Student: 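Would you mind keeping the following structure in view while I ask a few things?
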Amino acid sequence: MSDLPADLEAVRTRVLAEISAASDVAALDDIRVAALGKKGEVSLMMRGLGKMSPDEKKIMGPALNGLKADLNAAVDARKTDLENAALDAALASETMDMTLPVGKPNGTLHPVSQVMEEMAAIFSDMGFSVAEGPDIEDDFHNFTALNFPPGHPARDMHDTFFLEDGEKVLRTHTSPVQIRTMINQKPPIRIIAPGRTYRSDSDQTHTPMFHQVEGLVIDKGIHMGHLKGVLMDFVSAFFETDVDVQFRPHHFPFTEPSAEMDVRYERDGAAIKIGQGEKWMEILGCGMVHPNVLRACGLDPDEYQGFAFGMGVDRLAMLKYGMPDLRDMFASDTRWLSHYGFDPLVQANLATGLS
Ligand code: 2NL
């Protein structure tokens, strides 16, 4: 600045040099306070403006303001440089080698979680998405919308756990998730609903809490052929082998017609081999969504049809991975978990094989 008085020019040159020589943020702040703080060199000169003649003020006022602005800008720029340099130094000294092997993880993925992941991978590949809902349900979503008439014996067959309020229940299946989806989304719908379910039943083959995966497809012109195709593809992908199946007529309140699907199997010593063999084993229930269920969800059965299915995850996990006793599943025995558990860092996916 050519019109800056000589002594101001000297202050400017000196303080700018000090700023660029400041070695850290603390030193920089000392320089800022000495020049621009309340009792700083520049601030004191500005206070002196009051005693100046109007002509002097005309020159010194803008000159001092310009000096102050320049020094502030230089302090800010130097501060940014010092902070960046400090960050670079920290990043250089605190490196983390992301290529180091992690070693053996402490925990394992529970076989039920593994099987749920495998099922999600298979159905995702067929265009299904995963839907979830609350474990605590009301009578409408767990029973009424699913075509269980009031007082119908099928309600008792579900061994329902009631909450103390006498209104809410622990869901006896994951079907209420599908009911909520049909009420809230427009078709086409393609979902699976995995989750915990509860029935007051406890013996060699039943635990009061168990896991289900249910599936639902709603669109125009859906028929039993779609149901059979999806479920046949599913079992072969799940058991990672060709699987012969048969569909047997059955009854559920929420589907019409209803069926159970059996798979061929044979014994191989103590082990069970799924796919081929003389014997049949039931592994899931399915059917075409009952018109009353569609209507309860605000859908017109003359416009939309659909199929649904449900299966027990715990039993399918036992079958696939050869676990002998259902009750071990939820005993939290760390020896059982380390024997049957899965590497939590390996994700089930169809490209590299499920398990
Ligand atoms: C079984 C049988 C099944 C369904 C579940 C379902 C859901 C809605 C509408 C119609 Cl919202 N059906 N779910 C259908 C057939 C069978 O489960 O044995 N599960 C373990």
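Just so you know, these numbers come straight off a predicted model, no measurement behind them.
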Student: Looking at Q347, Q114, M116, which one forms a side-chain contact (heavy atoms from CB on, under 4.5 Å) with L109?
Tutor: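 The passing option is Q114.
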Student: Report the C-alpha distance between E266 and K279 in whole Å, list the side-chain angles of each, state the deciding distance to 0.1 Å, and finish with yes or no for salt bridge (charged side-chain N to carboxylate O under 4.0 Å, His left out).
Tutor: CA-CA 6 Å; E266 61 198 355; K279 296 204 274 226; over 6 Å; no
Student: Please round to the nearest 0.5 Å and tell me the distance separating atom CD of E83 and atom CG of D88.
Tutor: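 So the CD of E83 and the CG of D88 are separated by 12.0 Å.
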Student: What verdict does the salt bridge (charged side-chain N to carboxylate O under 4.0 Å, His left out) test give for D29 and R32, after you've listed the backbone C-alpha separation in whole Å, the side-chain angles of each residue and the deciding distance to 0.1 Å?
Tutor: CA-CA 5 Å; D29 204 52; R32 181 189 63 79; 2.9 Å; yes
Student: Is any side-chain heavy atom of M119 less than 4.5 Å from a side-chain heavy atom of P194?
Tutor: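 The answer is no; the side chains never approach within 4.5 Å.
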Student: State, with a plain yes or no, whether a side-chain heavy atom of R264 is found less than 4.5 Å away from one of V243.
Tutor: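 Not in contact.
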Student: Less than 4.5 Å apart, any side-chain heavy atom of I272 and any of M281?
Tutor: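 Counting from C-beta outward, I272 and M281 do come under 4.5 Å.
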Student: Please check if the distance between the ring centroids of F247 and F307 is under 6.0 Å.
Tutor: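 That pair fails the under 6.0 Å test.
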Student: Please examine the side chains of M46 and N65, heavy atoms only from C-beta on, and report whether any two atoms are closer than 4.5 Å.
Tutor: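 Yes, their side chains come closer than 4.5 Å.
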Student: Applying the 4.5 Å side-chain criterion to the ILVMFWY set and letting contacts propagate, would L350 and V235 be lumped into a single cluster?
Tutor: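 Linked within one cluster.
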Student: I want to check something: taking the side chain as every heavy atom from C-beta on, are F210 and D201 in contact at a cut-off of under 4.5 Å?
Tutor: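 No, every pair of side-chain atoms sits at 4.5 Å or beyond.
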Student: Can you tell me if E240 has over 12 outside heavy atoms packed within less than 6.0 Å of its CD?
Tutor: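 Result for CD/E240: enclosed.
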Student: Can you list the steps and then say if R180 with E137 is a salt bridge (charged side-chain N to carboxylate O under 4.0 Å, His left out)?
Tutor: CA-CA 11 Å; R180 289 173 184 281; E137 271 293 359; 2.8 Å; yes
Student: Output a table of donor-acceptor pairs, distance under 3.5 Å, between side-chain atoms of residues 248-263 and any protein atom two or more places apart or on a different chain; print 'none' if there are none.
Tutor:
from: R248; atom 1: NE; to: D262; atom 2: OD2; distance (Å): 2.8
from: R248; atom 1: NH1; to: E260; atom 2: OE1; distance (Å): 3.3
from: R248; atom 1: NH2; to: E260; atom 2: OE1; distance (Å): 3.1
from: R248; atom 1: NH2; to: D262; atom 2: OD1; distance (Å): 2.7
from: R248; atom 1: NH2; to: D262; atom 2: OD2; distance (Å): 3.4
from: H250; atom 1: NE2; to: E260; atom 2: OE2; distance (Å): 3.4
from: T255; atom 1: OG1; to: S258; atom 2: OG; distance (Å): 2.6
from: S258; atom 1: OG; to: F252; atom 2: N; distance (Å): 3.3
from: S258; atom 1: OG; to: T255; atom 2: O; distance (Å): 2.8
from: D262; atom 1: OD2; to: Q246; atom 2: NE2; distance (Å): 2.9

Student: Compute the ring centroids of Y321 and F342, then answer whether they are less than 6.0 Å apart.
Tutor: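 Between Y321 and F342, the centre distance is under 6.0 Å.
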Student: Tell me, yes or no, whether the heavy-atom count around E303 atom CD, taken from other residues, nucleotides or ligands under 6.0 Å, exceeds 12.
Tutor: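 Buried by this count: over 12 neighbours within 6.0 Å.
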Student: With no hydrogens and no angle check, is any side-chain donor or acceptor of S43 less than 3.5 Å from a backbone partner on K39?
Tutor: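 Checked: no pair found.
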Student: Roughly how far apart are I19 CD1 and R14 CZ, rounded to 0.5 Å?
Tutor: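 Rounded to the nearest 0.5 Å, the CD1-CZ separation comes to 10.5 Å.
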Student: Is there side-chain contact between L82 and K79, with heavy atoms separated by less than 4.5 Å?
Tutor: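 The answer is no, as the side chains (C-beta and beyond) never meet within the 4.5 Å cut-off.
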